[in-house]
Structures are given as C-alpha cells and as structure tokens.
S.K.: 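Below is the structure I would like to discuss, written out as structure tokens.
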Amino acid sequence: MADEKKLTPQGEDFSAWYNEVVLRSELADHSPVRGSMVIRPWGYGIWENMQRALDDKFKETGHENAYFPLLIPMSFIEREKDHIEGFAPELAVVTRAGGKELDEPYVIRPTSETIIYSMYAKWVQSYRDLPVLMNQWANVMRWELRTRLFLRTSEFLWQEGHTAHATAEEAEEETLLILGIYRKFMEEWIGMPPITGLKSDSEKFAGAVRSYSCEALMKDNKALQAGTSHFLGQNFAKQFELTFQSEAGQEEFAWNTSWGVSTRLVGGMVMTHGDDDGLVVPPRLAPVQVVIVPILRGDDITPILEKAEQVRLQLKAAGIRAKVDARDNLSPGAKYFEWERKGVPFRIEVGPKDIEQGQLALARRLVPVGEKRKMFLPEAQVLGELPARLEAFQTELMVAAQARRESNSIRGVSTVGELEEALASGSGFVYTGWNGTSAVEETVKARTKATIRVLPSEEFRSDKAPTKCVTGEGASVAEVVWARAY
RNA sequence: CGGGGCGUGGCUCAGUCCGGUAGAGCGCUGCGUUCGGGUCGCAGAGGUCCCCGGUUCGAAUCCGGGCGCCCCGACCA
C-alpha cells in the first residue's frame with residue numbers, strides 16, 4: 001500500500017480492496033490452517049445478528065433446531081450417485097483416530113443430507129410423523145482449491161435445513177417458502193436484494209432434482225450465490241430407506257428438501273455496501289449501531305465521560321446498540337477513521353461545548369447528498385430521532401442496492417456477441433433467451449466466463465419473453481440471467 | 001493443479017544483485033503534551049532473518065533441497 005492508512009480504492013482493484021477491508025476492519029484474519037479463517041468479534045457479531053434473524057424466521061415457520069455429527073461414514077456419502085460425484089473432489093477424510101487406522105474412513109461433513117436422512121429413516125414410520133422440519137447451525141468443510149475470506153473458505157459456518165414430507169407438492173412448497181424467507185431476510189436485514197430463480201441442471205446441487213437460488217449483484221458487478229433451497233425429490237429417501245406408511249396404508253418414500261445460507265453472506269454485505277473508506281454495516285446487522293466518542297478536553301474530563309455513558313444508557317433504553325469509545329491514547333480523529341472503516345452507521349461526539357449547550361454532534365457513515373457530515377443538534381432531538389434515523393439508513397442501503405442492481409442489468413440481449421459486449425462493458429445481470437441445452441452454457445462460459453445464474457422467478461422476468469435462444473439456435477424455452485460469479 | 005509473488009521485531013517492508021556489527025516506518029511500554037477529522041516530543045522494549053544441508057575465516061545475502069502463505073486462472077457455496 002502506498003499510503004498505509006488508506007485502503008486500495010475499489011475502482012483500482014476491487015479484489016485488493018475486499019481483502020484489505022476484511023482484514024483491517026477486523027472482520028476476520030487468516031489462520032495458520034490453509035484456507036481457513038478466524039472470524040473476529042466484529043465479523044462474528046454481524047454473523048450472530050444474521051443468525052438470530054434467520055433463526056426467528058425458521059422457528060416462526062415451524063422449524064426446530066437440532067444437531068448432527070461432524071463426521072459422516074464414507075459409505076453414507078457414497079450412496080447417492082450425483083451427491084458423491086459432486087463432492088468427492090473436496091472431501092477431507094479422517095482415516096486415523098485413537099492411534100489406529102479406522103475400519104471405515106469418516107468424512108468431515110461437506111453438507112449433512114446423508115447422515116440426517118439416515119436418522120430420519122429411523123424416526124419416521126407413519127405419515128403422522130411428517131413433515132419433519134429441522135435445521136442445524138454448524139460448520140462444514142469443503143477442500144477448495146482457491147479460497148477467499150468469507151466468500152470461499154475450507155471451513156465455513158452455515159445453517160442447513162432438512163425436511164421430509166409426504167408429498168412432492170408439499171416439499172416443493174417448502175422449498176419455495178424458504179427461498180422467500182431468504183430473499184426477505186437479504187432485503188430487510190442485509191439490504192442486499194437478490195434475484196431469485198431456478199438453477200440450470202449444470203449448476204444445481206449435487207443430488208437435487210431442482211435447486212432454487214438467491215443471486216445478489218456485488219459492487220463489482222459479479223454475482224454472488226447467496227442462498228440456495230433444494231427440492232431433493234426422493235433421491236436421498238430411496239438411498240436411506242426413508243419411508244413411511246401413508247394414510248391409505250401403503251409404504252412410500254418421503255420427499256425431501258434442503259436449504260442453506262452461510263458466512264458467505266458477510267462477504268456479500270461487504271461487497272454490497274462497502275466503499276473506499278471501509279465497511280458500511282446495515283444498522284440491523286451492526287454489532288454497534290452508534291459509537292459515542294467523548295472529546296476528552298479540558299482539566300476535568302469526568303463530566304464528559306459521565307455524559308457519554310449517560311447517552312449510551314439512554315440509547316440502550318431505546319433499544320439501540322451503542323458503545324462509548326473512551327480510549328485515552330487515541331485522538332478523536334483517529335477513532336473516527338477506525339469506526340468508519342468498521343462501518344458503524346452513526347457516531348455521536350460529546351465534548352465540553354456540547355455539554356454547555358445541551359447538544360450532541362451526530363455524524364453518519366454515509367452522508368446524504370446536500371447534508372453536512374456532522375450535525376450539531378439538541379441532545380433530546382438526537383436521542384429521539386436515532387431510532388428513525390437508523391431505520392432510514394437501513395432502507396436507504398436497500399434502495400441504493402436495488403437501484404444499482406437494476407441499472408446494471410440488461411434485458412433483451414439477443415446474441416452471444418451482445419452478451420459478451422455487455423459483460424465486457426461492465427454489466428451485471430444479462431437477460432437472454434435459452435434453448436435449454438448445456439452446450440449453450442459451455443459455449444457462453446468459454447467466451448465470456450459468465451454462467452447462467454438463474455432462470456428467474458416470474459416477477460423478475462422481462463415483460464416480453466425472449467423467443468429465441470441467445471445463440472440463435474432454436475427457440476427459447478426459458479429466459480435466463482447470465483453473470484460472472486464468485 | 002498451472003502461472004506469478006513473497007517468507008527479516010506485533011504489522012508493512014528495506015537490506016539479498018556485489019557475503020563482513022540486523023534496519024526504517026507504523027504499532028507497543030513509560031513519562032510529558034495534545035485532544036471537535038489519522039497530536040507531538042523524549043526515553044525504552046522487542047529478532048532462532050521460514051526450515052534443513054552445503055560453500056566460506058565469516059551467510060538474511062551464494063548453492064542444493066524442503067515447507068508455508070498470498071495473488072491470478074481452472075473447480076466449487
């Protein structure tokens with residue numbers, strides 16, 4: 001870095017910016033283990049807020065949390081053919097334990113379908129035992145060739161929901177219910193509005209019949225698969241003999257779904273809202289929503305510290321997460337830069353002048369056009385308005401992200417050449433027709449590095465459905481959205 | 001797994017070409033000063049120079065081998 005104090009600007013090198021901001025805002029750090037990161041308190045606090053919100057939504061819709069083991073017998077993973085084909089290259093395997101070679105190796109879970117459905121098989125006998133609606137918060141391991149903090153690490157944290165149903169219709173409904181929950185969560189909490197839709201066969205989950213995805217557009221116009229919900233059909237039920245006796249008395253295979261979001265969402269948040277000054281954390285996710293910086297000037301700083309603490313308690317009473325930064329070895333300016341880099345939405349300054357005049361200085365992480373960075377307002381007004389200001393900030397992030405997504409999307413692209421040009425000129429999501437073959441996906445990927453992110457859900461489709469495939473070969477069977485992806 | 005880069009105080013790095021007392025900035029500790037946008041001064045602590053072997057009177061530096069990490073691609077959440 002030329003200037004150690006500043007981050008590499010996004011426009012100069014987005015990837016460098018991302019790495020620097022994650023490290024220097026203390027979200028995470030590289031660990032001694034290749035490809036594995038340490039999530040530091042600031043990053044983990046954001047994840048905890050995500051967890052809490054999602055967990056509430058899962059429970060509201062009837063799901064319960066449970067916990068299944070980290071180690072999975074190798075033979076389980078191998079049972080579903082597509083599943084093992086998809087995961088084989090990235091498995092970490094335990095072959096030795098207790099000082100002895102194991103008779104059968106254990107796989108460190110890359111995902112838990114196999115062990116969970118083997119247990120469901122034990123617990124489900126009758127249609128009366130269905131549906132089974134469980135979720136687990138866990139770590140999983142996939143031995144990735146190339147890793148990036150939060151976006152792709154060998155070990156990551158996630159939730160994985162696994163359900164079993166009596167009918168395909170009910171399972172499909174569950175799949176879509178969760179997709180909707182993910183979408184709403186991403187919009188309302190992360191301010192990261194995804195487009196939703198179906199994955200093409202080549203991009204779907206290993207072992208699924210259908211995969212639905214939330215795809216968000218990052219500031220560098222690359223797509224991030226931010227959450228997936230899979231309709232598994234009876235693929236796993238058949239391999240693990242997950243059967244039940246129906247109302248009519250017949251033995252039938254259950255229908256499964258699985259769905260997950262991971263700590264990758266933290267990376268998505270970074271790349272959706274961050275700027276050249278650092279992170280911008282949406283208020284609902286911010287471990288600290290308001291930082292209070294006392295201006296420690298004058299002979300007696302006690303009243304200033306007391307005032308700061310009093311403000312904190314009042315904010316706390318209003319349901320706001322606030323923190324006083326009373327460190328006496330840093331100047332106020334140094335603290336401003338630090339908290340701005342960490343993305344705290346609002347800052348309050350309290351100095352002798354303010355106490356005298358009954359006012360507080362209020363600064364916003366993102367300054368609205370035409371406003372000053374810092375406002376001096378009556379104390380009561382600041383305290384009274386902060387809840388609404390936090391909500392407004394949250395909304396503003398969402399609106400800006402959605403506007404950016406749409407202005408970087410192009411619809412009605414009808415040739416591969418145009419598609420290539422659109423991507424080269426910095427477009428994000430490109431909508432075209434598709435004849436449904438994987439050959440087209442391969443061709444386009446080879447030429448543009450872009451893949452089909454989704455066959456968009458109805459509300460995201462263009463007013464006029466494309467009639468021809470983008471290659472010109474054959475009729476379009478579905479509109480698709482292309483993008484380069486993380 | 002291909003290509004590139006790098007391993008030297010906590011961090012970022014210089015020094016390596018051309019062997020000769022191990023350095024800078026930041027950070028850290030103490031004292032003082034300052035504090036409303038990255039205070040300033042003085043004093044101080046802190047190093048098996050990634051590892052193993054070789055050459056040499058002498059290796060951070062040269063030679064051989066190994067390990068690790070980061071970045072770019074291919075594979076993937």
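So you know, we letter chains A, B, ... as the sequences are listed, proteins then strands, and number each from 1. Side chains are part of it too, since the values below use all heavy atoms of this structure and drop only hydrogens, waters and symmetry mates.
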S.K.: Ring centroid separation for H83(A) and F236(A), is it under 6.0 angstrom?
M.R.: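 Yes, ring centres under 6.0 Å apart.
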
S.K.: Hey, is the side chain of H30(A) poking within less than 4.0 Å of OP1 or OP2 on C69(B), counting only N and O atoms?
M.R.: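 No, outside the criterion.
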
S.K.: With rounding to the closest Å, how many angstrom separate the P atoms on C18(B) and U12(B)?
M.R.: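 Roughly 29 Å separates the two P atoms.
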
S.K.: Tabulated below should be each protein N or O lying under 3.5 Å from an N or O of nucleotides 1-6 of chain B; please produce it.
M.R.:
none

S.K.: Tell me: CZ of R109(A) to C1' of A77(B), nearest whole Å?
M.R.: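 Rounding to the nearest Å, CZ of R109(A) and C1' of A77(B) are 16 Å apart.
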
S.K.: Give none if G37(B) has no partner; otherwise give the nucleotide forming a Watson-Crick or G-U wobble pair with it, both distances under 3.5 Å.
M.R.: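 Partner of G37(B): none.
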
S.K.: Taking the six-membered ring where the residue is Trp, are the ring centres of Y212(A) and H230(A) under 6.0 Å apart?
M.R.: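 Ring centroids of Y212(A) and H230(A) are no less than 6.0 Å from each other.
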
S.K.: Between the protein and nucleotides 42-45 of chain B, list the N/O to N/O atom pairs that are separated by less than 3.5 angstrom.
M.R.:
none

S.K.: Provide the distance between the two P atoms, one in A45(B) and one in G30(B), to the nearest whole Å.
M.R.: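 Roughly 15 Å separates the two P atoms.
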
S.K.: Is the W339(A) to F346(A) ring centre distance short of 6.0 Å?
M.R.: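 Centroid distance W339(A)-F346(A): not below 6.0 Å, so no.
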
S.K.: If we ignore hydrogens and angles and just use 3.5 Å, is the side chain of K335(A) paired with the main-chain N or O of R327(A) as donor and acceptor?
M.R.: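 Indeed, once roles are kept as given, a pair shorter than 3.5 Å links the two residues.
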
S.K.: Between E396(A) and R389(A), does a salt bridge (Lys or Arg N to Asp or Glu O under 4.0 Å) hold up when you go through it step by step?
M.R.: CA-CA 10 Å; E396(A) 183 184 307; R389(A) 285 183 185 273; over 6 Å; no

S.K.: Give me the distance, rounded to whole Å, that separates C70(B) from C28(B) when you measure between the C1' atoms they each carry.
M.R.: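 It comes out at 26 Å once rounded to the nearest Å.
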
S.K.: At under 4.0 Å between heavy atoms, what does E160(A) touch on the DNA or RNA strands: base, sugar-phosphate, or nothing?
M.R.: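 No contact.
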
S.K.: Whole-Å distance between A77(B) P and N139(A) CG?
M.R.: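 To the nearest whole Å, that distance equals 18 Å.
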
S.K.: Would you call R52(A) and D56(A) a salt bridge, taking side-chain N to carboxylate O under 4.0 Å as the test?
M.R.: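 Between D56(A) and R52(A) there is no salt bridge, as every charged N stays at least 4.0 Å from the carboxylate O atoms.
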
S.K.: Would you say the ring centers of F185(A) and Y182(A) fall short of 6.0 Å from each other?
M.R.: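 Between F185(A) and Y182(A), the centre distance exceeds or equals 6.0 Å.
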
S.K.: Using the C1' atom in both, what is the distance from G7(B) to C49(B), to the nearest Å?
M.R.: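 Roughly 10 Å separates the two C1' atoms.
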
S.K.: Closer than 4.0 angstrom, basic N to acidic O: yes or no for E340(A) and R347(A)?
M.R.: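 Result for this pair is yes, salt bridge flagged.
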
S.K.: Using purine N1 to pyrimidine N3 plus N6-O4 or O6-N4 for Watson-Crick, or N1-O2 and O6-N3 for G-U wobble, each under 3.5 Å, what pairs with G73(B)?
M.R.: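 Answer to the pairing question: C1(B), which forms a Watson-Crick or G-U pair with G73(B).
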
S.K.: Regarding F156(A), tell me which of base, sugar-phosphate or nothing describes its non-hydrogen contacts under 4.0 Å with the strands shown.
M.R.: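 Base contact - F156(A) has a heavy atom under 4.0 Å of at least one base atom.
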
S.K.: Atom CG of D354(A) and atom C1' of G36(B): how far apart are they, to the nearest Å?
M.R.: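 Rounding to the nearest Å, CG of D354(A) and C1' of G36(B) are 8 Å apart.
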
S.K.: OP1 or OP2 of C71(B) sitting under 4.0 Å from any side-chain N/O of N19(A)?
M.R.: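 Yes, within the criterion.
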
S.K.: Are any of the side-chain nitrogens in E349(A) or K374(A) under 4.0 Å away from the carboxylate oxygens of its partner?
M.R.: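 Answer for the salt bridge query: yes.
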
S.K.: Could you give the distance separating U33(B) and C40(B) at their C1' atoms, to the nearest angstrom?
M.R.: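 Roughly 7 Å separates the two C1' atoms.
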
S.K.: Would you indicate what T263(A) reaches in the nucleic acid, counting non-hydrogen atoms under 4.0 angstrom: base, sugar-phosphate, or nothing?
M.R.: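 Contact class for T263(A): none.
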
S.K.: Between protein and nucleotides 30-35 of chain B, map the contacts as a letter string: B base, S sugar-phosphate only, - none, heavy atoms under 4.0 Å, written 5' to 3'.
M.R.: -----B

S.K.: Which class fits the ring pair W17(A) and F14(A): parallel under 30°, tilted 30 to 60°, perpendicular over 60°?
M.R.: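 Ring orientation, 0 to 90° scale: tilted.
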
S.K.: To the nearest Å, how far apart are E338(A) CD and G27(B) P?
M.R.: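 It is 12 Å, rounded to the nearest whole Å.
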
S.K.: For the side chain of K445(A), starting at C-beta, report the closest nucleotide among C75(B), C72(B), A77(B).
M.R.: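 Nearest listed nucleotide: C75(B).
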
S.K.: Looking for any heavy atom pair under 4.0 Å, which part of the strands does R341(A) touch: base, sugar-phosphate only, or nothing?
M.R.: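 Base: the residue R341(A), judged by heavy atoms under 4.0 Å, touches a nucleobase.
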
S.K.: Under 6.0 Å between ring centres, would you say that holds for Y431(A) and F460(A)?
M.R.: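 Centroid separation for Y431(A) and F460(A): 6.0 Å or greater.
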
S.K.: Over all strands shown, is K335(A) touching base, sugar-phosphate only, or nothing at heavy-atom distances under 4.0 angstrom?
M.R.: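 No contact.
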
S.K.: Under a 3.5 Å cut-off for both distances, is U56(B) Watson-Crick or wobble paired, and to whom?
M.R.: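 Looking at the geometry, U56(B) pairs with no nucleotide.
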
S.K.: Regarding E90(A), tell me which of base, sugar-phosphate or nothing describes its non-hydrogen contacts under 4.0 Å with the strands shown.
M.R.: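 Sugar-phosphate only.
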
S.K.: Can you tell me how far C1' in C50(B) sits from the matching atom in U61(B), rounded to whole Å?
M.R.: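 Roughly 15 Å separates the two C1' atoms.
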
S.K.: Show your reasoning for whether salt bridge (Lys or Arg N to Asp or Glu O under 4.0 Å) applies to R312(A) and E309(A).
M.R.: CA-CA 5 Å; R312(A) 184 185 74 81; E309(A) 178 61 12; 2.8 Å; yes

S.K.: C51(B) and A43(B): how far apart are their C1' atoms, nearest whole angstrom?
M.R.: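 C51(B) and A43(B) have their C1' atoms separated by 38 Å.
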
S.K.: Has E421(A) got more than 12 heavy atoms of other residues, nucleotides or ligands less than 6.0 Å from its CD?
M.R.: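 Check fails, neighbour count at 12 or below.
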
S.K.: Which sits closer to the 5' end of RNA chain B, A485(A) or P352(A), going by the nucleotide each is nearest to?
M.R.: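 Final value for this comparison: P352(A).
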
S.K.: Between the base of G37(B) and the side chain of E349(A), is there a donor and acceptor pair under 3.5 angstrom?
M.R.: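 Between G37(B) and E349(A), which were checked side chain against base, a qualifying N/O pair under 3.5 Å is absent.
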
S.K.: Nearest heavy atom decides the nucleotide; on that basis, is K204(A) or R373(A) closer to the 5' end of RNA chain B?
M.R.: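 Final value for this comparison: R373(A).
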
S.K.: Determine the Euclidean distance between corresponding C1' atoms of U8(B) and A22(B); express it in Å to zero decimal places.
M.R.: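 Nearest-Å result for A22(B) against U8(B) at atom C1': 8 Å.
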
S.K.: Between P on G36(B) and CE on M375(A), what's the gap in Å once rounded to a whole number?
M.R.: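 Interatomic distance, CE of M375(A) to P of G36(B): 20 Å.
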
S.K.: A43(B) pairs with which nucleotide, Watson-Crick or G-U wobble, both distances below 3.5 Å?
M.R.: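 WC or wobble partner is U29(B).
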
S.K.: So, E420(A) and K449(A), do they make that salt bridge, N to O below 4.0 Å?
M.R.: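 Salt bridge flag = no for K449(A) with E420(A).
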
S.K.: Using OP1 and OP2 only, check whether a side-chain N or O of S15(A) sits under 4.0 Å from C72(B).
M.R.: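 Yes, because at least one side-chain N or O of S15(A) sits under 4.0 Å from OP1 or OP2 of C72(B).
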
S.K.: Among A77(B), G36(B), G38(B), which nucleotide has an atom closest to any side-chain atom of Y336(A)?
M.R.: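 So the side chain of Y336(A) is nearest to G36(B).
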
S.K.: Go through the steps for D275(A) and R365(A) under the test salt bridge (Lys or Arg N to Asp or Glu O under 4.0 Å), then give the verdict.
M.R.: CA-CA 10 Å; D275(A) 63 19; R365(A) 175 59 180 80; 2.7 Å; yes

S.K.: How many Å lie between CG on D325(A) and C1' on G37(B), as a whole number?
M.R.: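 Whole-Å distance recorded here is 14 Å.
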
S.K.: What nucleic acid atoms does F87(A) come within less than 4.0 Å of, heavy atoms only: base, sugar-phosphate, or nothing?
M.R.: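 Nothing, no nucleic acid heavy atom in range.
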
S.K.: Just compare G36(B), G38(B), A77(B) and give me whichever is closest to any side-chain atom of K5(A).
M.R.: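 Of the candidates, G38(B) comes closest.
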
S.K.: Starting at CZ of R24(A) and ending at P of U12(B), how long is that distance when rounded to a whole Å?
M.R.: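 So the two atoms are 11 Å apart, to the nearest Å.
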
S.K.: Between C71(B) atom P and L151(A) atom CG, what is the distance in whole Å?
M.R.: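 From L151(A) CG to C71(B) P: 11 Å.
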
